[in-house]
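First up is the structure itself, then whatever we jot down about it.
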Amino acid sequence: MSSHLLRKGYESGEVERRWYAYWEKEGLFAAEDVSDKKPFSIVIPPPNVTGVLHMGHAHNNTLQDILCRYRRMRGDNVLWMPGTDHAGIATQNVVEKVLAKEGKDRHSLGREEFIKRVWQWREEYGGLIIKQLKRLGASCDWDRERFTMDEGLSEAVRTVFVQLYQQGLIYRGHYIINWCPRCQTALSDLEVEHEDHNGHLYYVRYPLEDGKGGIIVATTRPETMLGDTAVAVNPNDERYQALKGKAVILPLMNRRIPIIFDEYVDMKFGTGALKITPAHDPHDFDIGQRHDLDAIKVIGSDGRMNEQAGRFQGKDRFECREAVVEALREEGLLEKVEPYQHSVGHCYRCRTTVEPYLSQQWFVKVKPLAEKAIAAVQTGATRIIPDTWTKTYFEWMNNIKDWCISRQIWWGHRIPAWTCETCGELIVAMEPPTACPACKGSTLVQETDVLDTWFSSALWPFSTMGWPDDTQTLKTFYPTSVLVTGFDILFFWVARMMMMGLHFMKEVPFRDVYIHALVRDADGKKMSKSKGNVIDPLYVIDAFGADAFRFTLAALAAQGRDIKLSEDRIEGYRHFINKLWNAARFSLMHLSDFQPDVSTQDARQLSLADRWILSRLNGVVEMVTKGLDEYKFNEAAMTLYQFVWHEFCDWYLEIIKPVLYGSTVSSRDGSEVSKPAHNETTRFVLWSVLNEVLRLLHPFIPFVTEEIWNKLPGTEGSIMKAEFPAVTQERHDPEAEAIMNLLMGITGGIRNIRGEMNVPPSMRVTATVQSADREAREILEAHQDIVINLARLETLNVTPPGKRPPSCATSVFGNSTIFVSLKDIIDFKAEQARLNKEIGKIIKELEGVGKKLSNEDFLTKAPQAVVEGVRAKQERLVEKKNKLEGQLRTVSQLAGELEWTKVPRMN
RNA sequence: AGGCACGUAGCUCAGGGGGAGAGCGCUACCCUGACACGGUAGAGGUCACGAGUUCAAAUCUCGUCGUGCCUACCA
């Protein structure tokens, strides 16, 4: 028998590379477009091409991989569709930075040339994250990898755009949008991140035109006053009734602007008078529309004051604020300044303060689309898990506003719209038109804007499968089974996929949406490069192995709570991988010449331990299956951890060692009895439990399980092709579990005494178990080997209740009293203390039980079974207490007698 | 401002109306022929606080405090 089947410690690096290459080569990740098998599909949340793998990706993809591997083993036809996202703004920024280093910018290159450079960049660096996903073990069908800028996906984008336009669900118009002066583009509402900001509330006096006093307005942005075209008050505001039909002179600009009356104005805020800047505030814009006011833009697209700003032209908007305030102060029009906290929007890409900006943009009218998306979740066509996110989803969907989809950047899907130079006709079409349908003019200029990246992402579940063609892939795999994603893109992405999927496929894009937690650092802070608290997944994989990393993520993935990740945790789970490795190493030492098909099942004579471990395994299969089916990854992972470490290793392997080694044990009368080498059954059980454990664990820790699997006799091919274990009712064996519980309890009692009384592990002692229960006695006698072996006994005596053996420490388990003979080494004082502690615990428990049983209401109203249970417990406790107190009396007496003697104590 | 989570052992967290759990850490003893990335035993908790429902509350309800997060057009 070779003891070198496995190395002493598991070394992940080489194993991972070898098996991943093998899986890919064998095409084990491939989905079948046509198959009799049940389809199971997931589309990957496409990472940015510019991205590098971070903890969020690692977590997200680990969960998806677990599901996919599990489903494959369950016999499903699994499609895990991979790909990346073109990430318009982010990618453009990255390439612009590269250009900047060369002393160029995109404008000097020109649009076409710039886009060429982006593609070049993508060829060179864009695949990085895909390689990193492979390191993690992701079993995506890589032959189907997609990119949102691919020809096929671009066609899908154009198709959707044209159809929505024709249906009146896309429109173009002048509105206030969020503008990033640095990125030089419009942003959607979602791309603006609000942050509280300590600013000021400035009170400014606008003199009345007739010179009779003035009106004071309050504002946080005095620089916008340069573009004011009115002052508004509430029509119900008593204070301002006299101002009807009047006008004020706008300070610094000396422009006459009217006082208007609008219900929007809050009488309780500030002075109840609101300055109106239709070109630089969304609400002012609405008010301006209602009152037919001019919209004067005073801030340019670069964030600097323009020619409309008079003497402030050229100043940055924040410099201008200071200057305006100063000028007002000089003119005596600044009434007061109060500190004021308000939230300010920032660009999600570059953190620049966003400017509300009036410009022509394209929008999707989302209300009609949202209605269907809401209904789909209400009817359960799509489930959101955990359910708590359903409410958030509805909340947002019900208050949804039109989506600004045009971006003034170059990298992205160019909007398929053309304007006729001759007559101004707007043409939206799949292909570039050759002539204007209105005037037949041929000078047509294409829209320069591109679409929001999320517009193409919204089509991902069907565009990746070949839509708008009616492909076999779509027939087989749409709707997808589940979408696994973080809540941070619930609105950005999930909600929009729901809308687009329902509209164009007439079917939800996914049956389930599993929303997982965010990975944070050990202190619960969001990981970010600027904070410097990121843990690089690649570093983790190198240091601890992909399996340890994956298992950690799964084990910590409790629904609805963030994951606080630290290296210590990962190290802890690496120990688990190592434990499994060594359990396998041990098993393989005894299985090297084992032929599972030869030791036929019908000849099996299962021992108690065999029956027990198989019964427990059966329970584990049930729990793991349930856990995975309900997305309770942590429960499945922890069940396996517990079973492998504590039941399989700590108990089963320890119990069968003597059988496997064929060693001798002492029988009750002291004679040596040699264990027959009939260990074929044991070997069979050992083999099958390990075999099944590997299959159960494979979705979580694919590499190490594959490595061991291939060393295990009687297995063929990849573990990926093995069946996921199924519950087998015949293995369920409550009797074996009950018997083992007794044996483990008695063993535990003896070990407790040994530990507490400081008996050296090397010393074998004699134990006596007294029990009035004949069945318990028979069990103990029949299985004394187990207790003798695991409690390190010289001898185990089993008798009916009787005289107390001398020089003993005592413990009680069930209705058995355990005596451990400590001849010459017993320290009566220590034993007294130990018994007192033990009795103290029981008294505490009895108090609680007693209180219940003396409560008349409990006895009459609680279910009969519960009352019986408590009664039985009380009886057990009283009996145990009596026994221990008897022992305490004896020991105290002995301790008193020996007071003068120096009792040797083992330390 | 509103909404949603969460306060359980020193730390990180499971659990979720009738016996307070795990991992890590800690203490003691052990290199026993798979594993010291190990073994055995042990210490440690008014389950945030206050009320309510109930025979019974860590668990359900309400409130308070604290901590996160999300959504908000009141300048």
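Throughout, protein chains are lettered first and strands after them, A, B, ... in sequence-line order, and every chain is numbered starting at 1.
- Nucleotides B:A43 and B:U27 are separated by 16 Å at their P atoms, to the nearest Å.
- Between A:H516 and A:H59, the ring planes lie perpendicular to each other; the angle is over 60°, past the 30° to 60° tilted range.
- Atom C1' of B:A48 sits at a distance of 16 Å from the matching atom of B:A57, rounded to the whole Å.
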Under the side chain to side chain donor-acceptor pair (under 3.5 Å) rule, what do A:D262 and A:H291 come out as? Steps first, then yes or no, please. CA-CA 9 Å; A:D262 195 286; A:H291 298 269; 2.7 Å; yes
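- Listed pair A:Y573 / B:C37 fails the phosphate criterion, with no side-chain N or O lying under 4.0 Å from OP1 or OP2.
- Among the heavy atoms of the strands, none lies under 4.0 Å from A:K844.
- Considering A:F576, A:F703, A:Y10 in turn, A:Y10 is the only one that fulfils the ring-ring contact (aromatic ring centres under 6.0 Å, His included) rule with A:W581.
- Remark: P of B:C4 and CD1 of A:I384 are 16 Å apart, rounded to the nearest angstrom.
- Atom name C1', nucleotides B:U64 and B:C70: the rounded distance is 23 Å, in whole Å.
- When each of A:D488, A:D387, A:T485, A:T392 is checked for a side-chain contact (heavy atoms from CB on, under 4.5 Å) with A:I515, only A:T485 meets the rule.
- A:E395 places its CD atom 10 Å from the C1' atom of B:C70, with the value rounded to the nearest Å.
- One atom, CD1 of A:I570, and another, P of B:C11, lie 21 Å apart when rounded to the nearest Å.
- Two residues are said to be in side-chain contact when any heavy atoms from C-beta on lie closer than 4.5 Å; A:I489 and A:F491 fail this criterion.
- Looking at A:K579, its side chain comes within 3.5 Å of the base of B:C35 through a donor and an acceptor atom.
- Annotation: B:C26 and B:U71 have their C1' atoms spaced 44 Å apart (nearest Å).
- Comparing B:C29, B:A43, B:G23 by their nearest atom to the side chain of A:P761 picks out B:C29.
- Atom C1' of B:G18 sits at a distance of 13 Å from the matching atom of B:A58, rounded to the whole Å.
- Residue A:K837 places at least one side-chain N or O under 4.0 Å from the OP1 or OP2 atom of B:A43.
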Should A:D228 and A:T277 be marked as a side chain to side chain donor-acceptor pair (under 3.5 Å) after you check the CA-CA gap, both sets of side-chain angles, and the distance that decides it? CA-CA 4 Å; A:D228 281 1; A:T277 323; 2.6 Å; yes
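- For A:Y573 and A:Y641, the ring centers are positioned less than 6.0 Å apart.
- Phosphate contact (OP1/OP2 of B:C73, side-chain N/O of A:K401, threshold under 4.0 Å): present.
- A distance of about 35 Å separates the P atoms of B:G44 and B:U53, rounded to the whole Å.
- Contacts of residues 193-201 of chain A with RNA chain B (heavy atom under 4.0 Å): none.
- Put simply, A:W645 has a side-chain N or O that comes within less than 4.0 Å of OP1 or OP2 on B:G39.
- With P as the reference atom, B:C4 and B:C47 are 27 Å apart, rounded to whole Å.
- Atom CD of A:Q341 is separated from atom P of B:A75 by 11 Å (rounded to the nearest Å).
- B:G42 and B:C37 have their C1' atoms separated by 23 Å, given to the nearest Å.
- Within 4.0 Å (heavy atoms only), A:K852 reaches sugar-phosphate atoms of the nucleic acid but no base atom.
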